[in-house]
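To find a chain, count down the sequence lines: A is the first, B the second, and so on, and within it residues start at 1.
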2 protein chains.
Amino acid sequence: MKWDELKDQSCPVARGLSVIGDRWTLMVLRDCFLGIRRFEAMQARLGITRHVLADRLRKLEADGVLRREAYQERPTRYEYRLTEKGKALYPVLVALIGWAEDHVPPEGETAITLVSRETGERIEPVLTDARTGRPITHRDVTAVRNA
Amino acid sequence: MKWDELKDQSCPVARGLSVIGDRWTLMVLRDCFLGIRRFEAMQARLGITRHVLADRLRKLEADGVLRREAYQERPTRYEYRLTEKGKALYPVLVALIGWAEDHVPPEGETAITLVSRETGERIEPVLTDARTGRPITHRDVTAVRNA
DNA sequence: TTGACAGGTTCCGAAAGGGAACTTACCCAT
DNA sequence: ATGGGTAAGTTCCCTTTCGGAACCTGTCAA
């Protein structure tokens, strides 16, 4: 299978990965959530090559995850902002952070901590079922194939 | 930056992606969660080339996400199973599924639905803070850099 | 001895990625 | 007007990775 055939698959994992499954894409989105909006800043922070960054931003815009907005004229310069669709990816990023914090120990110390904007306290992300309020693990949940 | 330098970074997103940031890795893990354990079966389901699949399985084993277990001798054949570290990735996969279901519409119909193993009812994954029980969105949470 | 099965490995050409320099278009200070 | 700085890309070249298909190994069964 080729990579671009993924988006047409019926599996939601495949469809999701067709957008964010790339090596750099979630790193770009991490920076977006941190408020980084400009090409130069992203390139400097990520260490990604300019060519690849330009390509990823184009794709993310095409997929509706980012939107490009002119922040000055003459010369026209654009910055990249998360759309609602992009902001909806936050739980994916947080789930990944939670896993990495628990299972992929850093060399030195962890750079960021997620805190409540309101109380300033550290948060502990856990995925729950909105209906029952109970945590979701692979033991409680099973996937059924739709007929 | 090269890809394999990522695992040494202080950012948990980078560390997480150093393990599962690859194009195919989460697809492989999806199959693992569905109970697929053998090379041939994965290769047939994923359409990934055998070479890349062998490589990914090796890396996932080296990272402690999968463990290889002999299921027969003469000739020795191995199957791949999720470790606890691997099982802990379930929320990441579910968060991705949730996002894709809401924001990346399929061509036809969605192949799988997550249901409670107990009640059989459809679940609605939502990321919450274990302390307060409240949903986590980018609006409620902010990242602070550790000094 | 031929074939099937399972889990790989090997080979090749094609596509993607890394690194660095170049381009465009403007502003500002000398 | 000349040179330097800023920002967002693009272009070039070379290396790495990927996709596709064939081949290998060990065993059993017909």
>> Run the salt bridge (charged side-chain N to carboxylate O under 4.0 Å, His left out) test on B:Asp140 and B:Arg134 for me, step by step, so that the C-alpha distance in whole Å, both residues' side-chain angles and the decisive distance to 0.1 Å come before the verdict.
In response: CA-CA 9 Å; B:Asp140 312 314; B:Arg134 291 204 311 228; over 6 Å; no

For the side chain of [X], counting heavy atoms from C-beta on, which of [options] is nearest?
X: B:Arg38; options: D:dT27, C:dG8, C:dG7; result: C:dG7
X: A:Glu40; options: C:dG17, D:dA7, D:dG19; result: D:dA7
X: B:Tyr71; options: C:dG7, C:dT10, D:dA8; result: C:dG7
X: A:Arg68; options: C:dG19, D:dG9, D:dG19; result: D:dG9
X: B:His51; options: C:dT9, D:dG9, C:dT10; result: C:dT10

Between [N] ([atom2]) and [X] ([atom1]): distance, integer Å:
X: B:Leu57; N: C:dG8; atom1: CG; atom2: P; answer: 7 Å
X: A:Gln72; N: D:dA8; atom1: CD; atom2: P; answer: 8 Å
X: B:Asp22; N: C:dG17; atom1: CG; atom2: P; answer: 11 Å

Has [X] got a side-chain N or O lying under 4.0 Å from the OP1 or OP2 atom of [N]?
X: B:Tyr80; N: C:dG8; answer: yes
X: A:Trp24; N: C:dG18; answer: yes
X: B:Arg77; N: D:dT25; answer: no
X: B:Arg58; N: C:dT9; answer: yes
X: A:Arg56; N: C:dG17; answer: yes
X: B:Arg23; N: C:dG17; answer: yes

>> Quick test of your reading of the model: are B:Arg131 and A:Glu121 salt-bridged, counting only N-O distances below 4.0 Å?
In response: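 Salt bridge flag = yes for A:Glu121 with B:Arg131.
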
>> Set out, in order, the CA-CA distance, both residues' side-chain angles and the distance that settles ring pair (Phe, Tyr, Trp, His ring centres under 6.0 Å) for B:Tyr71 and B:Tyr78, then state yes or no.
In response: CA-CA 6 Å; B:Tyr71 68 91; B:Tyr78 297 96; 8.4 Å; no

> Any chain of hydrophobic side-chain contacts (each under 4.5 Å) joining B:Val115 to B:Ile97?
Replying inline: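 B:Val115 and B:Ile97: separate clusters.
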
